[in-house]
Amino acid sequence: MTSRSCPCGLPEPYAKCCGRFHRGEAAAPTAEALMRSRYCAFVKEDEAYLRRTWHPRTRPARLDFDPGMRWTGLEILDTSQGSAFHSVGTVTFRASYWGGSLHERSRFERVDGAWVYVDGDFLE
């Protein structure tokens with residue numbers, strides 16, 4: 001990732017990549033795009049976007065960000081379904097941070113036509 005690329009790992013600048021989703025100018029068209037934008041929202045500590053893109057039945061009442069957490073990269077390992085033609089999908093990823101990484105298989109669904117994060121399983 002360069003200083004000009006989006007924190008999600010794609011080469012576009014943040015404003016043209018995940019920033020447009022965060023600002024509400026567009027909706028993530030796939031489960032993977034939503035996963036990338038949610039990772040970026042964790043990097044930016046954008047609680048409003050994270051809550052907006054969390055399934056209503058699993059959304060926490062509030063989010064607490066760790067002030068010492070420094071995310072350093074996202075690697076998409078696998079996707080299943082989650083395209084414009086699906087109503088559910090999964091994305092397996094590894095999100096790295098200073099001192100370690102988080103490996104998860106996340107589940108996504110469409111609610112009122114928009115992709116939302118449902119939940120995930122931590123993997124080793």
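- Considering only residues two or more places apart in sequence or on other chains, L10 meets the side-chain contact (heavy atoms from CB on, under 4.5 Å) condition with C8, C17, R36.
- By the 4.5 Å heavy-atom criterion applied to side chains, E32 and F93 are not counted as neighbours.
- At a threshold of 4.5 Å between side-chain heavy atoms, the hydrophobic network of Ile, Leu, Val, Met, Phe, Trp and Tyr places L102 and F65 in one connected group.
- Between the side chain of S96 and the backbone N or O of T72, no donor-acceptor pair lies under 3.5 Å.
- L74 and L123 end up in different hydrophobic clusters when Ile, Leu, Val, Met, Phe, Trp and Tyr side chains are linked at under 4.5 Å.
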Between E109 and R57, does a side chain to side chain contact (heavy atoms under 4.5 Å, CB included) hold up when you go through it step by step? CA-CA 12 Å; E109 292 179 11; R57 81 170 176 265; 3.2 Å; yes
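- Closest non-hydrogen pair, P29 versus W115, comes out as O-NE1, 3.3 Å.
- Between R59 and Y117, every side-chain heavy-atom pair lies at or beyond the 4.5 Å cut-off.
- Here the CG-CZ distance, from D121 to R107, works out to 4.0 Å after rounding to the nearest 0.5 Å.
- Contact check for W71 versus F42: side-chain heavy atoms found under the 4.5 Å cut-off.
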Derivation and outcome, side chain to side chain contact (heavy atoms under 4.5 Å, CB included), residues Y97 and R70: CA-CA 5 Å; Y97 55 88; R70 296 293 178 257; 5.9 Å; no
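- The shortest non-hydrogen separation linking V116 to W54 is CB-C, 4.2 Å.
- In this structure, the side chain of H103 engages the main chain of E124 through a donor-acceptor pair within 3.5 Å.
- L50 has its side chain out of reach of E45: every pair of non-hydrogen atoms, C-beta onward, lies at least 4.5 Å apart.
- You'll find the side chain of Y39 stays beyond 4.5 Å of the side chain of C6, heavy atoms only.
- Across S37 and H22, no two heavy atoms sit closer than the pair O-NE2, 2.8 Å.
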Pair Y49, R38 - check side chain to side chain contact (heavy atoms under 4.5 Å, CB included), show working. CA-CA 8 Å; Y49 181 77; R38 285 178 55 83; 4.2 Å; yes
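- The backbone N or O of G73 lies less than 3.5 Å from no partner atom in the side chain of R94, so there is not a single donor-acceptor pair.
- A cation-pi arrangement is present between K44 and Y14 under the rule of less than 6.0 angstrom and at most 45 degrees off the ring axis.
- Heavy-atom minimum distance, M35 versus S106: SD-OG, 4.1 Å.
- Under the 3.5 Å distance criterion, the side-chain polar atoms of S87 are left unmatched by any main-chain donor or acceptor of R110.
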Check: residues 75-83 side-chain donor-acceptor pairs under 3.5 Å, at least two apart:
| residue | atom | partner | partner atom | Å |
| --- | --- | --- | --- | --- |
| S83 | OG | F85 | N | 3.1 |
| S83 | OG | H86 | ND1 | 2.9 |

